[in-house]
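Below is one structure, written out as structure tokens; comments come after it.
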There are 2 protein chains.
Amino acid sequence: MIICMEPIEIFKALSNESRLQILHWLKDPEKHFTPHEGIDMRKIGVCVCQITDTLKMTQSTTSQYLSILQRAGLVTAERIGKYTYFKRNEEAIREIGAFFTNEM
Amino acid sequence: MIICMEPIEIFKALSNESRLQILHWLKDPEKHFTPHEGIDMRKIGVCVCQITDTLKMTQSTTSQYLSILQRAGLVTAERIGKYTYFKRNEEAIREIGAFFTNEM
DNA sequence: TTATCATATCGAAAGTTTCCGATGTGTCAA
DNA sequence: TTGACACATCGGAAACTTTCGATATGATAA
């Protein structure tokens, strides 16, 4: 187990339709977002404003939800210039799947 | 997918220390409960009053938590005489693990 | 049939989550 | 160096969850 998991934090983060939605969109970012030029969405991520648009909630709510997902370890953030790009933490998600299968 | 899953309901059910605890105890019932005579805890389950004792919360809370776990499909209940025996739904739990690994 | 035990359900106080608008902070371009 | 944009954070109203005690329901035994 490389990533330190707080199962309750993870399950809480996943207990909300919008956050589940975001995680799902980020699985296939090309389908749901337009890339910034020079940014590979799959490698770097998607910025908060694009997620805000797709989510149809305020920037404030989107930012909070992303930070809940980040604290749970489900996504990672990278700031480039004025944008912060979020992408799935596939390794952590795989480990949670394994945890569920083996420990639950 | 045999069992109909509501991921949000499942994650909500798992977002609570006591409910996670119950699910964990039921994995190895011999370790945490005393069997009723003639009842194989692994096959039939554990009654609400024993779970109440181990949980150290009221009967009312325990009963509600079990019913949340049941609605999420994580446990099943069987009434025998005046007792209701709850046990893990191993198949559903396995499917949730698979769902997590494949769909999340 | 009534008393008793096991369980479920109701109603409520306290705590948490959801989601917002307003405001603060970091970055870049003019 | 200021204006504008992207993002984070604060404070709060409404909705939901946690947990309880009281009470209802179901089953059995006397």
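Hydrogens, waters and symmetry mates are skipped; everything else that's a heavy atom, side chains included, is used.
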Under a 4.0 Å heavy-atom criterion, DNA chain C is touched by chain B from C/dC5 to C/dC10

By salt bridge (Lys or Arg N to Asp or Glu O under 4.0 Å) - contacts of B/D28 (at least two apart): B/K31, B/R42

Contacts of B/E6 meeting salt bridge (Lys or Arg N to Asp or Glu O under 4.0 Å) (sequence neighbours excluded), chain-then-number -> none

Range on DNA chain D touched by chain A, heavy atoms, distance below 4.0 Å: D/dC5 to D/dC10

For [X], enumerate each residue passing the side chain to side chain donor-acceptor pair (under 3.5 Å) test, keeping only those at least two apart in sequence or located in another chain.
X: A/S15; result: B/S15
X: B/T101; result: none
X: B/T52; result: B/T62

Within residues 57-67 of chain B: residues closer than 4.0 Å to DNA chain C (heavy atoms): B/Q59, B/S60, B/S63, B/Q64

Residues from residues 28-51 of chain B lying under 4.0 Å of DNA chain C - heavy atoms: B/C47, B/V48, B/C49

Do B/I93 and A/F100 come close enough that some side-chain heavy atom pair is under 4.5 Å? yes

Test ring-ring contact (aromatic ring centres under 6.0 Å, His included) applied to B/H24 - qualifying residues, sequence neighbours left out: none

Acceptor/donor pairs from residues 65-75 of chain A side chains to any protein atom, 3.5 angstrom cut, sequence neighbours excluded:
residue	atom	partner	partner atom	Å
A/S67	OG	A/R71	NH2	2.8

For DNA chain D, the residues among residues 8-22 of chain A that have a non-hydrogen atom under 4.0 Å from it: none

